[in-house]
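Scroll down for the structure; my scribbles are underneath it.
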Amino acid sequence: MRQAFVGIDIQQRRGCCFAVIGSEGILLDSGWFHDPEREVVQLIRRFEENYKVSVGIDAPRQPLPSPRKWFWDRRGSRWRQRSDQRGYGRHCEVVLSVHGIANPQWTPLEKEAPPWMVIGFKMFSALRHIVPSIYEVFPTASYSLLQGITDVRISIDFSSCSYGPKDILDAFMAAATVREFVQGRGTEVGGGDGLGTIVLPRPLPEPVIGTVLHWPE
């Protein structure tokens with residue numbers, strides 16, 4: 001069965017944008033949601049008629065249920081218990097930060113989450129029982145890992161760009177990231193805290209700090 005890879009960038013004020021590419025990177029569709037929870041389900045169902053669909057969303061999968069207990073000690077290259085920090089962030093975000101490939105927008109408790117994150121939480125929830133292959137992506141990290149790499153290519157058009165060029169570019173990257181991961185060229189990080197992983201289009205850069213990949217509990 002043919003494959004389709006959907007990338008979604010979450011926006012608060014302009015709505016959310018999406019891009020859909022095929023296995024060879026050909027753009028199948030792109031556009032904007034203005035009722036994200038309803039329209040994303042319609043999009044997935046439309047493509048599921050003819051494709052095996054995988055989805056990548058540029059937003060945290062879920063909020064923290066409680067402040068993070070463990071923090072990474074860069075000097076000692078080890079985990080330590082939280083002291084006076086507010087406790088934001090999930091394991092997957094720590095891994096990206098420690099390896100220097102992105103500066104995460106640390107996920108907070110639900111009551112402290114900004115509106116765009118809340119939209120992301122709801123979108124993951126809306127798709128959870130509809131599409132089995134749904135991933136969290138972070139385009140900033142993908143751009144970093146693909147710096148200098150010329151063999152990750154997709155074809156695009158400009159039909160959905162004027163409303164938010166940078167946002168739609170992130171949706172293109174989200175779709176490309178999921179394609180690279182599903183086709184075996186990427187990696188998945190985090191998840192030790194039970195709060196979700198982030199998929200990347202390539203392995204972590206060397207030297208990989210193995211200790212941070214494993215949650216201390």
Query - Charged N-O contact under 4.0 Å between Arg90 and Asp193 - result: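 No, Arg90 and Asp193 are not salt-bridged.
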Does [X], at its [atom1] atom, have more than 12 non-hydrogen atoms belonging to other residues, nucleotides or ligands within less than 6.0 Å?
X	atom1	result
Glu24	CD	no
Gln85	CD	yes
Glu188	CD	yes

Report task. Describe, in one word, how the ring planes of Trp215 and His91 are oriented to each other, choosing from parallel (under 30°), tilted (30 to 60°) and perpendicular (over 60°). Result -> tilted
Atom pair [atom1] ([X]) and [atom2] ([Y]), whose distance is rounded to the nearest 0.5 Å:
X	Y	atom1	atom2	value
Gln62	Glu110	CD	CD	10.0 Å
Lys166	Cys17	NZ	SG	9.5 Å
Phe71	Ser83	CZ	OG	8.0 Å

Report task. Determine, for Trp106 and Arg68, whether the Lys NZ or Arg CZ falls below 6.0 Å from the six-membered ring centre while staying within 45 degrees of the axis. Result -> yes
Query raised in the report: Side chain of Ser160, backbone of Ser30: donor and acceptor closer than 3.5 Å?
Result: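 Such a contact is found between Ser160 side chain and Ser30 backbone.
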Query raised in the report: Are side-chain heavy atoms of Pro67 and Arg82 found at a separation under 4.5 Å?
Result: yes
Query raised in the report: Taking Val189 as the fixed residue, which of Leu96, Val212, Val199, Thr197 is the one that meets the side chain to side chain contact (heavy atoms under 4.5 Å, CB included) rule?
Result: Leu96
